[in-house]
Amino acid sequence: MADNELTGFLIIGLIIVVADGQVLYRSGRRYLRGPDGDEGSGSMARMVVTVFHLVALGLLALLSVIGPGWSGSTAALVGRIGVFLLLLAVAHAATLSVLARRRQDNVVETHLHEHDRPAAELPAPRRAAADASWEPAVTPVPGQGGQHPHVSPDLGDNGPYRT
């Protein structure tokens, strides 16, 4: 690969890696934050994107030195960039799967911590005050207050359907 071609390939590749890494970092931080607005997700996103940068820059370095038959023309440079973009897409997809897995872990942890809290700390279920149709769906335990559930009519003897 000629020096000008190598320099151009490395500069173009470096710009693409940095731009994609910034997109991943900013979007990943927001994605990991979730609906509750937790600010502790920035460090996880930074670590995942750092691994992405290392892998992508390693791929860029490898592609710049392998395939000596791929040098000397503009078509060869475009070919190298095309192969690099395909490999970068694979690295991007792997990074997104890591971020998605981490978000799922956060959701599960949050859900488990909500069940660990005492009932006094849990938020009250959202019900309209005028909505009298909300009733428990199960029979109360002896000694527990509440209404008994309504049962549909028996279909045997006096049900609405007769043969």
Exercise for review: State plainly whether one hydrophobic cluster holds both V17 and L54, where clusters connect Ile, Leu, Val, Met, Phe, Trp and Tyr through side-chain heavy atoms under 4.5 angstrom apart.
Suggested key: no
Exercise for review: Would you give the length of the straight line joining atom NE2 of H53 to atom CD of Q22, rounded to the nearest 0.5 angstrom?
Suggested key: 6.0 Å
Practice item. To the nearest 0.5 angstrom, please state how far the CG atom of L62 sits from the CZ atom of F84. Key: 11.0 Å
Practice item. May I ask you to test the L87-L63 pair for a side-chain heavy-atom distance under 4.5 Å? Key: yes
Practice item. Ignoring hydrogens and angles, tell me if any N or O in the side chain of S27 forms a donor-acceptor pair with the backbone of L24 under 3.5 Å. Key: no
**Study point:** Nearest atoms (heavy-atom pairs only) where S97 meets A94
**Key:** OG-O, 2.7 Å
Check your understanding: Is it true that L10 and L14 fall in one hydrophobic cluster, defined by side-chain heavy atoms closer than 4.5 Å?
Key -> yes
Point to revise | Shortest non-hydrogen separation from A45 to L99 and the atoms involved | key: CA-CD2, 4.4 Å
Check your understanding: Among the clusters formed by ILVMFWY side chains lying less than 4.5 Å apart, do L6 and V65 turn up in the same one?
Key -> yes
Review point. Are the side chain of H92 and the backbone N or O of L88 linked by a donor-acceptor pair below 3.5 Å?
Key: no
Review point. Any chain of hydrophobic side-chain contacts (each under 4.5 Å) joining L59 to V90?
Key: no
**Study point:** Any side-chain heavy-atom pair of F9 and L60 under 4.5 Å
**Key:** yes
Review point. Quick one: does F52's side chain get under 4.5 Å of D20's, heavy atoms only?
Key: yes
Exercise for review: Report whether I15 and V18 are members of the same hydrophobic cluster (ILVMFWY, side-chain heavy atoms less than 4.5 Å apart, transitive linking).
Suggested key: no
